[in-house]
Amino acid sequence: MDLRDAHQVERGSAVELARAGSTGISAGGTDRTPAPSPAPGALWGLAGGWVATRVLVVLMVLGVVRISGADVTADVSVIYHGWYQVLQTGTFPLDDVTWQYPPGAALVILLPGLLPWSYLVSFWVVCGLVDALTMGLLMRAGTRRGRSFTGAWVWVAGVPLLGPTVYCRYDIMVTALAVAGLLVVLRRPALGGVLLGIGGLVKVWPVLALIGTPKGRRTRRSWTAAAASFSALGFLLAAGMNGAFEFLKFQRDRGIEVESLGALPLHFARLAGGWHGEVKMNYGSVEMLGPWVTVISKVMVALSVIGFAWLLFWRLRAKRWQTATTFDAALAALLVFTVTSRVISPQYLVWVVGVTAVCLTVRGTSQRPVALLVLAATLFTTLEFPVLFGQVLNSQLWGVVVLTVRNLLLLAAAVLSCVRLWRSTRAVEPVRTLVLPPALEGPAPAGYPVRPGIAYEQNLLDGIDTPKSVHQ
C-alpha cells in the first residue's frame with residue numbers, strides 16, 4: 001500500500017469515528033450517552049426480594065423457623081450485653097479475654113442502647129436498618145452508567161444464606177461501613193478513606209480495601225484520610241476510656257479456631273484417632289489446643305505475611321487500572337486475609353458477601369466466577385454452623401466433610417480472585433485512537449492521537465459518574 005492509499009484508509013477511519021461520535025460513542029469505545037433510567041420492574045424486584053428474604057431471616061432469628069437446636073442469639077443477649085454494661089462505666093472489658101476487637105467496636109456495642117427496647121431487640125433493629133441501608137447503596141450504585149444490579153442481587157441472596165447468624169453478630173454493621181467506603185472512594189477519595197478508616201478501627205479488615213485504590217491522587221487522599229480518621233478516633237477512645245488497645249495482647253495468644261483452614265489437619269488426625277488434644281472455648285472462640293497447634297499457628301501467620309506481600313507486589317506491577325480494579329483488589333485482599341487467618345468465624349462470610357456485592361456492581365469486574373464460589377461457601381457455612389456445629393466440635397465425619405468443603409471453596413475463591421485480578425491488570429499494548437468532534441459534515445479533519453493514559457482515566461471517570469469532559 002502506498003502513502004496515498006494509506007491516507008485514504010486513515011480518512012475513511014476518521015469518517016467512521018465521526019459517525020460513531022454522532023451517536024454518542026467515543027473513539028475509544030466508551031459509551032458517552034447519559035445513563036439510561038433503570039427499569040422500575042428491576043428496582044421493585046430487588047426491593048421485593050430483599051423484603052421476602054429478610055422476613056425469612058427475622059423468622060429464623062425469632063425462632064419461628066428453626067434450622068438447628070443451637071441458640072445463636074446468646075452472643076448478643078449475654079456477651080454483647082455484658083460488654084455494653086462494662087463500656088457504660090467508661091472502661092473497656094479489661095479482664096474479659098473474649099474482647100478481641102479494636103476500640104471502635106465499643107461504639108457499635110453501645111449503639112443499641114440508644115433505642116428504647118431491650119438490648120437484644122434493639123440490636124436486631126439496628127442490624128435490619130444497616131442491612132436496608134447497604135441494600136440501598138448497592139441499588140443506587142447499580143443505576144450508574146457501566147454498572148449493574150447484580151451486586152444488589154448478591155446481597156439479597158447472600159445474607160439469608162447465613163441464616164440467623166447475620167443478625168446476631170455486629171459484623172453486618174462493619175460490612176456496611178466497608179461497602180459505603182468502597183462505593184465512594186473513587187469519586188470522593190477523602191470520604192471513602194474516612195469511612196474505611198473508621199471501619200478499620202471497628203474491626204481492622206476494612207482498611208484492606210485501600211489496597212486497590214488507583215495510583216496517584218486518589219491513593220494519597222484516601223490513604224491519608226483513612227490514617228487520619230483511624231488515628232483521631234482511636235486517640236479519642238483511648239483518652240476517654242481505659243484499656244482501648246488491650247485487645248492486642250489477647251490476639252497474640254490466640255490458637256487455632258475450630259472452623260479455620262488450619263484446623264483441618266487436626267480434624268482429620270482426630271477423626272483417624274491420631275490427635276489427642278482438646279477443643280474448648282479460648283479467647284472468645286472455640287479453639288483446638290494441644291499437639292501441632294503452635295506449629296500450625298506459625299504457618300498460618302507466615303501464609304498471611306506471604307499473601308499480603310503478594311498483594312503489595314501486585315500493586316507495584318499493575319499496569320492497567322479500571323473502575324472495577326479497586327473493588328476486585330479489595331475482595332482479593334479480604335479473601336487472602338480470611339483463608340490465612342487462625343480464625344474463620346461464620347460471620348466473616350458477611351464481610352466477603354458485602355465486598356463481593358460491591359465488585360458485581362461493575363459490569364467489567366473480573367470476579368464473577370469468584371462470586372459463585374463465595375455464595376456456595378456461604379451456604380456451607382450455615383451447614384457447619386449452626387446446623388452441624390456439634391459434629392464439627394467433635395470432629396465427626398459429616399461435620400468435618402462440610403467444614404472441609406466450605407474451607408476449600410474459600411481457598412479456591414481466594415486463589416481464583418488473585419489470579420483474575422493479576423490478569424485483569426496486566427499491561428496491554430497501547431492503541432492509537434482518533435478522537436473527533438461529533439456529527440461532522442463533509443470531509444473529516446485529520447485526527448490526533450490520544451496521549452497515553454487517557455483511556456485509563458476516562459474509564460475511571462465513566463465508571464464513577466463524573467462530568468463528561470476530561471481536562472488534561
Side-chain angles (χ1 to χ4, degrees), residues 43-81 108-109 111-112 115 117-139 142 149-180 202-203 259 344-358 360 371-372 374-389 402 406 409:
L43 294 176
W44 280 111
L46 280 168
W50 183 86
V51 170
T53 54
R54 274 29 176 202
V55 167
L56 178 60
V57 171
V58 170
L59 291 176
M60 287 189 286
V61 167
L62 295 175
V64 177
V65 175
R66 301 187 67 87
I67 60 175
S68 77
D71 180 13
V72 298
T73 67
D75 274 32
V76 179
S77 59
V78 178
I79 299 177
Y80 288 5
H81 188 240
V108 176
I109 299 300
L111 182 60
L115 299 180
W117 306 287
S118 68
Y119 188 85
L120 180 60
V121 172
S122 297
F123 189 90
W124 291 338
V125 171
V126 172
C127 287
L129 292 175
V130 168
D131 185 2
L133 174 63
T134 306
M135 183 65 188
L137 292 173
L138 292 169
M139 289 174 65
F149 287 130
T150 308
W153 279 114
V154 168
W155 185 251
V156 168
V159 168
L161 286 178
L162 283 170
T165 304
V166 72
Y167 275 19
C168 295
R169 304 291 187 273
Y170 82 79
D171 296 80
I172 194 171
M173 306 176 199
V174 188
T175 302
L177 277 173
V179 168
V202 175
K203 209 162 187 180
E259 298 163 277
I344 304 182
S345 297
Q347 60 267 27
Y348 286 22
L349 272 293
V350 183
W351 318 343
V352 180
V353 168
V355 179
T356 301
V358 173
L360 267 67
L372 297 177
V374 166
L375 291 177
T378 303
L379 175 60
F380 276 90
T381 296
T382 301
L383 290 178
E384 66 91 1
F385 180 88
V387 178
L388 296 175
F389 194 57
V402 169
R406 194 284 301 271
L409 284 169

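Numbers here are sequence positions counted from 1.
Atom OG1 of residue Thr165 and atom CD1 of residue Ile172 lie 11.5 Å apart, to the nearest 0.5 angstrom. Put simply, CG on Asp171 and OG on Ser345 are 8.0 Å apart, with the number rounded to the nearest 0.5 Å. Atom CD1 of Ile344 sits about 8.5 Å away from atom OG1 of Thr381, to the nearest 0.5 Å. Separation of atoms CH2 (Trp153) and CE (Met139) is listed at 9.0 Å; rounding is to 0.5 Å. Between atom CG of residue Leu162 and atom CZ of residue Arg169 there is a gap of 11.0 Å, rounded to the nearest 0.5 Å.
When the shell of 6.0 Å around OH of Tyr80 is examined, it contains more than 12 heavy atoms from other residues, nucleotides or ligands.
Contact record, Ala357 with Leu138: CB-CD1, 3.9 Å, taken as the closest heavy-atom pair. The nearest pair of heavy atoms linking Cys168 to Val76 is O-CG2, 3.4 Å. Taking all atoms of both residues into account, the shortest heavy-atom contact from Leu46 to Ala152 is CD2-CB, 3.8 Å.
Val179 pairs with exactly one of Leu133, Val130, Thr134 by the side-chain contact (heavy atoms from CB on, under 4.5 Å) rule, that one being Thr134. Applying the side-chain contact (heavy atoms from CB on, under 4.5 Å) test between Thr175 and each of Val350, Val358, Val352 identifies Val350 as the sole match.
Residues Lys203 and Val108 fail the side-chain proximity criterion, which asks for heavy atoms closer than 4.5 Å. Using a 4.5 Å heavy-atom cutoff, the side chains of Tyr170 and Leu111 are not in contact. When side chains are defined from C-beta on, Val353 counts as touching Val374, because their heavy atoms get closer than 4.5 Å. Using a 4.5 Å cut-off on side-chain heavy atoms (C-beta onward), Thr73 and Pro164 make no contact. Under the 4.5 Å side-chain criterion, counting only non-hydrogen atoms from C-beta, Ile67 is in contact with Pro386.
In this structure, Phe389 and Phe385 have perpendicular ring planes: the angle between them is above 60°, well past the 30° mark.
Sorted by first and then second residue, the side-chain hydrogen bond (donor to acceptor under 3.5 Å, both in side chains) pairs with a member in residues 53-70 read Arg54-Asp131; sequence neighbours excluded.
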Step-by-step side-chain contact (heavy atoms from CB on, under 4.5 Å) determination, Val202 to Met173: CA-CA 9 Å; Val202 175; Met173 306 176 199; over 6 Å; no

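Applying the salt bridge (charged side-chain N to carboxylate O under 4.0 Å, His left out) test to Glu259 and every residue at least two apart in sequence or in another chain returns nothing.
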Considering only distance and modelled atom types, tabulate donor-acceptor pairs under 3.5 Å from the side chains of residues 120-127, sequence neighbours left out.
from   : atom 1 : to     : atom 2 : distance (Å)
Ser122 : OG     : Trp117 : O      : 3.2
Ser122 : OG     : Ser118 : O      : 2.9

